Amino acid sequence: MPRADAGCTLRAVAVAGTGTDVGKTVVTSALLRALRGLGVAAQAVKPVQTGVSAAGGVRDGGTGGMPRRGDAGTYASAVADMAGASSVPPAAALRTFALAASPHFAAAAEGVCLNAAGLAEDIRGHWARLSPPAELLLLETAGGLLAPLNARETMLDLMACLGAPVILVARNELGALNHALLSLAALRRRGLALAALALVEPPREVREASGPAILEENIRYLRERLRADWPGAVMCCLPHVETLGPEGWSLLAEQLLPLAHSLRGKPAPGFPDTSDDLEGRDHAALWHPYASATRLPPLETASRSHDNRIVLADGRELVDGMSSWWAAVHGYNHPRLLAALRAQSGRMPHVMFGGLTHAPAVTLGERLLAAMPAGLERLFFADSGSVAVEVALKMALQCQQGRGERRRTRFLAPRGGYHGDTLGAMSVCDPVTGMHSLFAGLLPEQLFMERPACRFDAPFAAASLEDARRILAERGDEVAAVILEPVVQGAGGMWFYHPDYLRGLAELCRRAGALLILDEIATGFGRTGRFFAAEWADVRPDILCCGKALTGGVLSLAATACTAAVAGDICRDGRVFMHGPTFMGNPLACAVAGASLDILEENRWQAQVEQLERLLARGLEPCRRFSDVADVRVLGAIGVVEMKAPVNGAALQRFFVERGVWIRPFGRLIYLMPPYITPAEDVARLCDAVFRALEADAWRLPV
Ligand code: PMP
């Protein structure tokens with residue numbers, strides 16, 4: 001098992017217990033011995049050791065201060081007679097605290113606040129500094145899985161930060177099944193991989209008190225459960241050994257040989273696996289957004305995510321600057337969103353919406369309508385933003401038919417807009433960047449007006465409405481609806497225009513008898529500094545679409561709402577609205593969206609977005625100094641650096657990944673829209689990376 005990338009990819013397995021004093025240290029030490037016996041340069045590490053006196057001895061909590069040897073001492077003694085097996089020191093303890101108590105309490109007694117990300121950094125730093133390098137770290141955690149690190153985080157969070165597979169150690173006694181199953185459930189909920197379950201035999205008195213038949217049954221039952229629920233995990237049973245000398249350690253190590261072999265050979269489940277060549281397999285089989293299948297786009301393999309971080313397969317963490325295309329406003333793996341998902345999946349993941357309803361959809365629909373601009377009273381759930389736009393266009397057409405306005409079959413949209421990739425949605429996208437020429441003949445032909453030229457941050461110029469006024473005067477009676485993104489044109493150019501334009505346009509629509517459709521799929525849920533961007537102009541659309549951040553980035557869900565008048569006209573004379581997706585109102589997505597609305601309310605999204613606006617404005621300001629920069633603009637939690645020429649997206653992606661940030665520019669735009677929970681120092685890292693890319697000329701296309 002060579003370590004080709006010394007200092008980079010951490011290979012570690014966590015040894016965690018179902019509680020304290022279940023035999024973790026014995027298992028860790030014996031496994032160390034087994035691995036070293038196979039020639040694996042393994043080291044056993046205690047990331048947090050409590051109950052250690054300054055001199056390095058360990059105070060026994062039970063006996064009130066008689067020093068005994070720390071776990072690191074036990075690891076060393078388990079391999080003491082194997083001198084020469086490896087030149088890697090057998091043991092290390094990274095953080096030590098005097099009080100023999102839970103890590104949060106022992107650390108607090110010394111004025112230290114531990115956190116999972118910091119401890120993970122300690123471990124990675126230790127791994128990188130080890131000389132000679134180790135091939136595998138055995139990380140023995142403190143206490144049980146949920147032993148607290150601080151007021152919020154537990155040992156489980158540390159394991160999740162590392163993404164290492166877990167060896168769960170349980171003492172085989174009365175109650176072991178419950179403890180083991182609870183711990184396995186907790187591992188599963190966090191998406192952690194199980195390398196092994198180690199059942200440790202207790203001393204004779206405990207065995208006899210529990211009843212030998214019960215202990216046998218524990219082994220049988222857990223072996224079955226492992227086989228069914230955790231295929232690939234190894235089951236190990238360790239006998240009780242009275243005296244732990246070389247013989248005793250050898251006996252224990254022998255029981256752990258199958259596990260040692262599995263850790264030495266093929267990487268255990270959960271290991272970052274670069275040998276998997278996912279990028280190569282992807283290139284052979286899959287397509288990526290707006291990409292060629294022959295000139296392959298550069299790819300990174302994402303293996304995990306947390307908070308505002310995307311973790312790559314090789315363990316590198318990227319600060320996310322994209323919110324996965326406007327969606328992950330609360331960052332990744334938010335426990336409340338995942339809890340809502342799990343709870344709903346246990347009740348009812350999906351049922352058809354034809355003829356059936358359910359609480360997640362009804363409650364979410366009511367809440368969305370209450371949060372939307374006044375007048376929107378009827379809501380249709382769709383499964384993606386593009387479909388929500390199709391629904392909006394169909395609503396407008398059916399509404400005009402209901403009104404007897406059958407000539408009104410066209411839509412009017414500003415240039416520079418983007419509304420999705422299905423045919424109807426594409427027909428109202430910018431005719432140039434939306435590639436209308438590619439699909440000429442298939443796409444319905446729509447009407448286009450000039451892009452709103454009035455900047456958000458400049459005085460409103462009434463002339464910017466002239467084109468809309470002219471077209472509506474000339475052809476207004478053909479127009480079923482005007483569709484546009486309020487205040488921020490997103491994928492069509494990240495352009496921020498003046499709210500007065502929207503106000504004026506709404507009035508022009510009203511006079512022309514055209515409906516107003518606002519596409520809030522990107523702008524909704526606070527991104528621009530208002531819950532819906534329509535609020536900047538206080539306009540009341542006839543139809544509004546939302547999506548993307550609706551589920552906090554967990555599942556695809558979108559919605560189209562309309563006024564009672566539009567709904568009434570669609571349904572005149574017994575007509576129905578002609579749309580009904582299979583996954584309409586998916587209960588999982590609705591439940592997660594409900595939880596996301598709760599978090600938005602509780603997190604005070606306004607304050608978060610205002611803070612991001614300040615930080616982005618300050619952080620991107622220095623970019624103005626480059627002569628190739630055409631504009632720097634910030635609105636809400638969106639920061640844009642517009643270049644004078646198109647950028648080299650592939651080169652920039654690589655440049656940013658090397659600097660630990662995830663930013664994906666397109667066209668002439670390098671832009672940031674981080675999750676609302678992004679800490680100030682990470683916003684600074686994102687902005688600095690953009691500045692450095694300009695400074696290093698990394699954005700230029702090859703000439
Ligand atoms: N409208 C707008 C304004 C969008 O930004 C997008 C997605 N970028 C869509 C519609 C289409 O949404 P989806 O990708 O979910 O189909």
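When a residue number appears, it is its place in the shown sequence, counting from 1. Everything numeric in this text was worked out from a predicted model, so none of it was measured. Heavy-atom basis, side chains included; hydrogens, waters and symmetry copies ignored. Each ligand, and each atom within it, is numbered from 1 in the order the structure gives.
Residue-level proximity to ligand 1 for W325 is absent, since no heavy atom of it falls below 4.0 angstrom. Neither the backbone nor the side chain of A491 comes within 4.0 Å of ligand 1, counting heavy atoms alone.
Using bins of under 30°, 30° to 60° and over 60° for the plane-to-plane angle, the ring pair H498/F460 lands in the tilted bin.
Within the listing of ligand 1, atoms 15 (O), 16 (O) sit less than 4.0 angstrom from a heavy atom of S384. Below 4.0 Å from some heavy atom of E485 lie the following atoms of ligand 1, by number and element: 3 (C). Close approach to K548 involves these atoms of ligand 1, each under 4.0 Å from a residue heavy atom: 4 (C), 5 (O), 6 (C), 7 (C), 8 (N). Atoms of ligand 1 lying under 4.0 Å from any heavy atom of A522, numbered from 1 in the order shown and given with element: 5 (O).
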List the atom pairs, with distances to 0.1 Å, where a side-chain N or O of residues 364-374 and a protein N or O form a donor-acceptor pair under 3.5 Å, not counting sequence neighbours.
residue : atom : partner : partner atom : Å
R367    : NH1  : G594    : O            : 3.3
R367    : NH1  : D598    : OD1          : 3.0
R367    : NH2  : D598    : OD1          : 2.8
R367    : NH2  : E601    : OE2          : 3.4

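We find that R633 and E642 are joined by a salt bridge, their nearest charged nitrogen and carboxylate oxygen being less than 4.0 Å apart.
Looking only at protein heavy atoms, the nearest one to atom 14 (O) of ligand 1 is S386 OG, 4.4 Å. The closest protein non-hydrogen atom to atom 6 (C) of ligand 1 is Y418 CE2, 3.4 Å. Of the protein's non-hydrogen atoms, the one nearest atom 12 (O) of ligand 1 is G385 CA, 3.2 Å.
Using modelled atom types, one finds a donor on one side chain and an acceptor on the other under 3.5 Å when comparing Y332 with D320.
The shortest N/O to N/O separation between D519 and ligand 1 falls below 3.5 Å.
From E390, atom CD reaches atom CE of M426 across 9.0 Å, with rounding to the nearest 0.5 Å.
Residue P486 forms a side-chain contact (heavy atoms from CB on, under 4.5 Å) with just one option from L544, L502, T528, V539, and that option is L502. Looking at K644, R668, R700 one by one, the single match for salt bridge (Lys or Arg N to Asp or Glu O under 4.0 Å) with D628 turns out to be R700.
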